[in-house]
Amino acid sequence: MSHVAPEETTEFSFLAGQARAFGAGVPPVRRLTLPLPDGRTLSALRFGDEPVEVTLLHGAGLNAHTWDTTVLALGRPVLAIDLAGHGDSSWREDADYTGRTLAADVIEALQAWTDRPQVLVGQSLGGLTAAAVAAQAPELVRELIVVDITPGVDQSVGPAALREFYRVVDAASRDELVDRAQQFGFGGSREDTARGVFLNTRVRADGRVEWKHHFAHIAARLLDAPPAASASSASAGPVPTILGEHGWADLDAVAAPLTLVRAGHGFVSDGAEQEFRTRLPGARVLHLDGSHNLQETAPAALAEIIRTGADSTAADSTGP
């Protein structure tokens, strides 16, 4: 009797099945690593071989793979970055994951890995980071798309849900974490959620499965809430809130075309949207039917918005 060893599941094992859902092929994809000046490393996924014009920044507690389905639907070369403390990027010793702090790493990445201004798309924490990038390095950003976040988002709604979700940082199996994610409305189908959990967890030496991003261990304190019951959060010092204090100033300083994409069942309330419109009357606001992680729950529609932005800014740059 012959025994065939099962194929190892890797971070790219899911792409073929996702691509079939869109009738698309799987683009070339590779992982990039960038040494940073302070000794940390930044990691990213590079989709396609042509010059990159679209860069994607994920939300808190996620990683670059959250964009996989949107990238496949988009069908364009893309750079998807693991923000510090997430995915394969180094954790920060100071646990400062505010947008302005994270922006410095993203600027380094854009300077190293791209050769032209980007359509910069950021979801949730990635959106606040993208705004800081566009404000600090306008030459690197030709259009900014912020997905389901504003600096005025009600911390008692969306972020509170994240805080509560990450009160459980490990489990006996990945299935338990999938169940919990679905209970909180994070992710799409169970298959999609299971993929996300696999790509965002690791198995410890004791056999338990834990979230591999730093945010899971400090989420409560990042959100100005009582510390979660974990050794890391109990022993660490004060941590800035992820919403920071500079979001509106950063958005106001953005010179590139600016779009807010609001999820129908997300974190941005009517009041937060109205504040955004009032403060930034030149910006565009679009609505999509989906939950907070629109890149997972409405990937085709979000990809179309990104594609339209990339096409229009490309046309503007070439002229008549």
Side-chain angles (χ1 to χ4, degrees), residues 4-22 24-33 41-47 56-73 78-91 123-126 161-162 165-217 219 230 290-299 302:
V4 179
E7 292 186 7
E8 180 185 2
T9 300
T10 72
E11 64 174 318
F12 302 124
S13 296
F14 304 92
L15 290 174
Q18 293 171 282
R20 284 194 295 271
F22 291 98
V26 178
V29 56
R30 62 187 185 275
R31 182 163 286 283
L32 306 177
T33 302
T41 60
L42 194 73
S43 189
L45 300 175
R46 170 69 155 85
F47 292 87
L56 308 173
L57 307 179
H58 61 77
L62 301 174
N63 58 63
H65 277 294
T66 189
W67 296 102
D68 285 354
T69 313
T70 298
V71 171
L72 294 170
V78 162
L79 179 68
I81 297 175
D82 282 337
L83 296 176
H86 297 76
D88 287 359
S89 292
S90 301
W91 291 13
Q123 184 258 342
S124 198
L125 175 60
L162 283 173
F165 177 68
Y166 285 121
R167 290 196 189 282
V168 174
V169 298
D170 65 359
S173 69
R174 286 190 167 104
D175 278 343
E176 286 188 16
L177 293 177
V178 172
D179 290 340
R180 184 169 176 80
Q182 294 221 295
Q183 289 168 6
F184 278 79
F186 299 146
S189 68
R190 185 173 183 84
E191 180 181 3
D192 290 340
T193 305
R195 175 185 64 86
V197 167
F198 176 87
L199 294 168
N200 214 9
T201 56
R202 60 190 170 202
V203 180
R204 297 193 312 229
D206 63 2
R208 290 186 66 80
V209 177
E210 69 174 0
W211 300 107
K212 66 180 182 179
H213 53 84
H214 199 186
F215 185 81
H217 304 277
S230 70
S291 59
H292 181 56
N293 296 341
L294 283 171
Q295 69 278 7
E296 298 177 3
T297 61
L302 183 57

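By convention here, the first residue in the shown sequence is residue 1.
In this structure, the side chain of Q123 engages the main chain of H292 through a donor-acceptor pair within 3.5 Å. A distance-only check finds a donor-acceptor pair linking the side chain of T10 to the backbone of F12 [under 3.5 Å].
In this structure, A73 and P299 approach most closely via the heavy-atom pair CB-O, 4.2 Å. When all heavy atoms are compared, the tightest approach of L42 to A84 is CD1-N, 4.2 Å. Between A64 and A80, the shortest heavy-atom distance links the atoms CB-O, 3.4 Å. Summarising the geometry of F47 relative to P27, their closest heavy-atom pair is CD2-CG, 4.0 Å, with the distance given to 0.1 Å. Of all heavy-atom pairs spanning S124 and G59, the tightest one is CB-CA, 3.9 Å.
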| request: Show the numbers, then the answer: is there a side chain to side chain contact (heavy atoms under 4.5 Å, CB included) between K212 and T201? | output: CA-CA 5 Å; K212 66 180 182 179; T201 56; 6.0 Å; no
message = What verdict does the salt bridge (charged side-chain N to carboxylate O under 4.0 Å, His left out) test give for D206 and R208, after you've listed the backbone C-alpha separation in whole Å, the side-chain angles of each residue and the deciding distance to 0.1 Å?
response = CA-CA 6 Å; D206 63 2; R208 290 186 66 80; 5.4 Å; no
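One side chain, S90 or T41, offers a donor N or O that lies under 3.5 Å from an acceptor on the other. The closest side-chain donor-acceptor pair between Q295 and T70, if any, does not fall under 3.5 angstrom.
In this structure, the separation between OG1 on T193 and CG on D179 is 10.0 Å, given to the nearest 0.5 Å. The distance from atom CD of E296 to atom OG of S291, rounded to the nearest 0.5 Å, is 8.0 Å. With rounding to the nearest 0.5 angstrom, the CG atom of L199 is 11.0 Å from the CG atom of L62. Rounded to the nearest 0.5 Å, atoms CG (N200) and CG (N63) are 4.5 Å apart. Between atom CG of residue L32 and atom CG of residue L79 there is a gap of 6.5 Å, rounded to the nearest 0.5 Å. Rounded to the nearest 0.5 Å, atoms CZ (R20) and CG (L15) are 11.0 Å apart.
In this structure, H58 has its ring center closer than 6.0 angstrom to the ring center of H86. Proximity of the aromatic rings of H213 and Y166 is defined here by a centroid distance below 6.0 angstrom, and this criterion is met.
No side-chain heavy atom of L177 sits under 4.5 Å from any side-chain heavy atom of E210. Side-chain contact check for R190 versus D175: some heavy-atom pair is nearer than 4.5 Å. Proximity of W67 to L45: side-chain heavy atoms (C-beta onward) are nowhere separated by under 4.5 Å. The closest side-chain heavy-atom distance from S89 to T33 is not below 4.5 Å. For the pair V209 and R204, the minimum side-chain heavy-atom distance is 4.5 Å or more.
Sequence neighbours left out, the pairs with a member in residues 59-69 that pass salt bridge (Lys or Arg N to Asp or Glu O under 4.0 Å) are D68-R195.
Below 30°, between 30° and 60°, or above 60°: for F165 and F184 the angle between ring planes is above 60°, a perpendicular geometry.
Residues D82 and R31 are paired through a salt bridge, judged by an N-O separation under 4.0 Å between the basic side chain and the carboxylate.
Partners of F22 under the ring-ring contact (aromatic ring centres under 6.0 Å, His included) rule, at least two apart in sequence or in another chain, do not exist in this structure. F198 is linked by a side-chain contact (heavy atoms from CB on, under 4.5 Å) to T9, F14, R174, counting only residues two or more places apart in sequence or in another chain.
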